[in-house]
Amino acid sequence: MKAKVLIRPKQGILDPQGKAVERALPALGFEGVHEVRVGRLVELETDDPSSLPELCEKLLANPLIEDYEIVEDGS
């Protein structure tokens with residue numbers, strides 16, 4: 001199975017990359033964009049999809065400050 005894991009800072013956790021992007025947008029002509037959050041995307045293939053939550057908790061994400069979402073990739 002192919003999967004994508006989306007990892008983002010939890011709500012309320014400081015996101016300096018997101019703030020930097022948000023501050024730069026008006027100078028580039030993009031108005032009205034708020035609450036920018038920058039995260040990571042990990043694409044992988046696995047024979048055991050049931051192991052993905054444990055993989056995320058132990059390696060890919062820091063569960064104290066990050067949320068993750070596992071999305072099956074049908075392609």
Side-chain angles (χ1 to χ4, degrees):
M1 174 189 115
K2 290 184 180 182
K4 294 180 181 179
V5 180
L6 309 171
I7 304 161
R8 296 185 271 300
K10 288 186 177 204
Q11 269 319 103
I13 297 293
L14 183 64
D15 182 1
Q17 285 181 298
K19 287 296 176 195
V21 169
E22 190 173 320
R23 283 192 305 271
L25 290 171
L28 298 171
F30 298 99
E31 299 293 335
V33 179
H34 306 282
E35 301 300 321
V36 176
R37 315 277 301 158
V38 174
R40 301 185 307 281
L41 168 66
V42 178
E43 296 178 314
L44 51 87
E45 290 188 35
T46 181
D47 295 331
D48 183 11
S50 67
S51 69
L52 288 176
E54 183 179 10
L55 173 67
C56 291
E57 300 250 343
K58 289 186 174 181
L59 179 66
L60 299 179
N62 179 342
L64 296 175
I65 61 170
E66 294 175 315
D67 288 325
Y68 64 87
E69 177 183 354
I70 300 168
V71 179
E72 281 190 41
D73 187 357
S75 58

Spell out, yes or no, whether Leu44 and Met1 are grouped together once hydrophobic residues are joined by side-chain heavy atoms under 4.5 Å, including indirect joins.
yes

Should Leu59 and Ile70 be counted in the same cluster of Ile, Leu, Val, Met, Phe, Trp and Tyr side chains packed under 4.5 Å apart?
yes

Over all heavy atoms of both residues, which pair between Leu60 and Ile7 is shortest? Give the atoms and the distance, please.
O-CD1, 3.5 Å

CG of Leu41 to CD of Glu69: how many Å apart, nearest 0.5 Å?
10.5 Å

Donor-acceptor check, side chain of Lys10 to backbone of Pro63, threshold 3.5 angstrom: yes or no?
yes

Linked, directly or transitively: Tyr68 and Ile65 (ILVMFWY side chains, under 4.5 Å)
no

Can you name the nearest heavy-atom pair linking Arg40 to Ala61, along with the distance?
NH2-CA, 4.2 Å

Side-chain donor or acceptor of Glu22 paired with backbone N/O of Val33 under 3.5 Å:
no

What are the two closest non-hydrogen atoms of Arg37 and Pro9, and how far apart are they?
NH2-O, 2.9 Å

Whether the Asp48 and Ser50 side chains hold a donor-acceptor pair (N or O, under 3.5 Å, no angle test) is what I'd like checked.
yes

Checking the side chain of Glu57 only, and the main-chain atoms of Pro53 only, is there a donor and an acceptor separated by less than 3.5 Å?
no

For the residue pair Asp15 and Val38, what are the closest heavy atoms and their distance?
OD2-N, 2.9 Å

Please assess Leu25 against Val36 for the test side chain to side chain contact (heavy atoms under 4.5 Å, CB included), listing each intermediate value before the final yes or no.
CA-CA 10 Å; Leu25 290 171; Val36 176; 4.2 Å; yes

Leu64 and Ile13: same hydrophobic cluster, using ILVMFWY side-chain contacts below 4.5 Å?
yes

